[in-house]
Number of protein chains: 2
Amino acid sequence: MTSEADLGPRLSRRLAYLLKRAMVDLDTLHEQHLRPFGITARELAVLLFLDGREPESQQQAAAHLGVDRTTMVGLLDALEGKDLVARRPDVEDRRRNVIVLTDTGQATLRKAMRASDAAERQLLAELDDREAAQLRELLKRVTSGRA
Amino acid sequence: MTSEADLGPRLSRRLAYLLKRAMVDLDTLHEQHLRPFGITARELAVLLFLDGREPESQQQAAAHLGVDRTTMVGLLDALEGKDLVARRPDVEDRRRNVIVLTDTGQATLRKAMRASDAAERQLLAELDDREAAQLRELLKRVTSGRA
DNA sequence: TATTGTTATACTCTATAACTATA
DNA sequence: TATAGTTATAGAGTATAACAATA
């Protein structure tokens with residue numbers, strides 16, 4: 001999926017290679033599984049983030065998601081164009097837009113999350129349930145150390 | 001390192017997030033640890049790849065590494081400019097350049113690999129040796145399924 | 001005619017600067 | 001004066017097309 005030929009063990013055992021390879025493969029799987037819903041993995045992440053929160057302004061959401069506010073504009077343009085989110089003027093500060101999921105957004109989120117779960121399962125197809133949980137747990141500990 | 005604020009458990013437990021986060025963190029660590037040697041993680045990968053092989057043409061190397069041949073030109077320009085690799089005209093097919101590590105390239109490779117090992121150890125600082133090996137093994141099995 | 005290395009061009013992604021409307 | 005959203009612009013990074021030398 002990433003490379004067709006052998007890189008040799010010295011390179012293919014490096015952590016950077018293994019992580020990148022897994023990420024690229026998961027990206028490809030997400031692309032396949034999310035295609036029916038017309039959204040990208042990144043857009044799904046935005047929907048999932050908005051769903052679990054009190055309504056926030058564009059900039060608050062952008063800061064939390066770690067994207068630039070100018071990038072957020074385009075991201076929301078796309079999602080709004082698909083009627084998955086709505087921008088509502090903030091009544092208390094009319095400079096701000098409050099971002100909310102539409103009903104369609106809610107429904108799409110539920111279905112797309114099942115598709116994403118399927119993509120993850122396919123990535124981990126070689127592992128049994130205990131090993132899959134172990135991998136997730138180890139990765140979580142690795143990243144949380146530098147929260 | 002990646003995000004300053006909490007994303008909520010629904011998002012921060014996704015495999016895509018965990019993998020990307022680990023990769024970005026490792027990139028940052030590599031940047032720090034490799035700075036003294038004046039090379040990037042990607043350039044180190046090229047050096048490591050060349051070291052374990054019979055001399056190959058630019059295109060063969062590019063294909064193995066999964067980069068475009070036009071991208072390879074710039075990559076080798078940079079490495080050649082630092083006197084880490086050399087292009088030698090292939091005596092049997094004068095269209096080709098054979099790529100070899102210079103002595104400086106060999107020495108830099110050895111030192112940079114130790115730095116890369118240190119970057120990996122720092123990424124996995126929260127894990128003990130057994131867990132670190134486990135993570136590596138699980139990732140290897142995940143990716144090798146789609147070789 | 002096809003292929004290697006190269007250069008020129010275009011495309012994507014993202015960030016910086018500038019504009020507007022509100023505060 | 002400062003801030004939220006937006007737009008315009010510029011910068012990396014990479015891919016496609018075109019070119020010169022060689023096969």
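In what follows, every chain begins at residue 1, and chains take the letters A, B, ... in the order their sequences are listed.
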Colleague: Taking any heavy-atom pair under 4.0 Å as a contact, classify B:Arg69: base, sugar-phosphate, or nothing.
Modeller: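 Touches a base.
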Colleague: To the nearest Å, give me how far apart CG (A:Leu65) and C1' (C:dC13) are.
Modeller: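 Atom CG in A:Leu65 sits about 17 Å away from atom C1' in C:dC13.
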Colleague: Tell whether B:Arg95 reaches the base of C:dT3 with its side chain through a donor-acceptor pair below 3.5 angstrom.
Modeller: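 By the distance-only test, yes, there is a pair.
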Colleague: Given that A:Asp77 and A:Arg96 both sit by DNA chain D, which one's nearest nucleotide is further toward the 5' end?
Modeller: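 Here A:Arg96 is the residue nearer the 5' end.
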Colleague: Does a side-chain N or O of B:Gln60 approach OP1 or OP2 of C:dT4 to a distance below 4.0 Å, or not?
Modeller: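 For C:dT4, OP1/OP2 do not have a side-chain N/O of B:Gln60 under 4.0 Å.
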Colleague: With heavy atoms under 4.0 Å as the rule, sort A:Gln59 into base, sugar-phosphate or nothing.
Modeller: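 The answer is base, as A:Gln59 lies within the cut-off (heavy atoms under 4.0 Å) of a base atom.
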Colleague: Which part of the nucleic acid does B:Ser57 contact within heavy-atom distance under 4.0 Å: base, sugar-phosphate only, or nothing?
Modeller: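 Sugar-phosphate contact only - B:Ser57 comes under 4.0 Å of backbone atoms but never of a base.
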Colleague: With a 4.0 Å cut-off on N to O distance, would you call A:Arg114 and A:Asp117 a salt bridge?
Modeller: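 Result for this pair is no, no salt bridge flagged.
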Colleague: Starting from B:Phe37, can I reach B:Leu76 by hopping between I/L/V/M/F/W/Y residues whose side chains sit under 4.5 Å apart?
Modeller: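 Hydrophobic grouping puts B:Leu76 with B:Phe37.
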Colleague: Specify the separation, in whole Å, of atom CD of B:Glu56 and atom C1' of C:dG5.
Modeller: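 From B:Glu56 CD to C:dG5 C1': 16 Å.
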Colleague: Is B:Lys20 salt-bridged to B:Asp27, going by a charged N under 4.0 Å from an acidic O?
Modeller: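 Result for this pair is no, no salt bridge flagged.
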Colleague: Does the side chain of B:Arg94 get closer than 4.0 angstrom to OP1 or OP2 of C:dT3 through an N or O atom?
Modeller: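 Looking at the OP1 and OP2 atoms of C:dT3, neither is under 4.0 Å from any side-chain N or O of B:Arg94.
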Colleague: Does CG belonging to B:Asp77 count more than 12 external heavy atoms closer than 6.0 Å?
Modeller: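 Counting other residues, nucleotides and ligands, CG of B:Asp77 exceeds 12 neighbours.
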Colleague: Using whole Å, report how far CG of B:Asn97 lies from P of C:dT7.
Modeller: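 To the nearest whole Å, that distance equals 12 Å.
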Colleague: Do B:Arg95 and B:Asp90 sit within salt-bridge range, that is, some charged N less than 4.0 Å from a carboxylate O?
Modeller: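 Judged by the 4.0 Å cut-off on N to carboxylate O distance, B:Arg95 and B:Asp90 do not form a salt bridge.
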Colleague: Tell me the interatomic distance from A:Asp68, atom CG, to C:dT16, atom P, rounded to whole angstroms.
Modeller: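 Nearest whole value for this atom pair: 7 Å.
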Colleague: Nearest 0.5 Å please: distance from the CD atom of A:Gln106 over to the OG1 atom of A:Thr108.
Modeller: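 It comes to 10.0 Å.
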Colleague: Please determine if B:Glu131 and B:Arg136 form a salt bridge, counting it only when a charged side-chain N lies under 4.0 Å from a carboxylate O.
Modeller: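 B:Arg136 and B:Glu131: not salt-bridged.
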Colleague: Could you tell me from which nucleotide to which nucleotide of DNA chain D, 5' to 3', there is an atom under 4.0 Å from chain B heavy atoms?
Modeller: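 Counting from the 5' end, contacts occupy D:dT14 to D:dA23.
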Colleague: Contact class for A:Thr70 (heavy atom, under 4.0 Å): base, sugar-phosphate, or nothing?
Modeller: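 Touches a base.
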Colleague: Return whichever of A:Arg42 or A:Asp93 has its heavy-atom-nearest nucleotide of DNA chain C closer to the 5' end.
Modeller: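 By nearest-heavy-atom nucleotide position, the 5'-most residue is A:Arg42.
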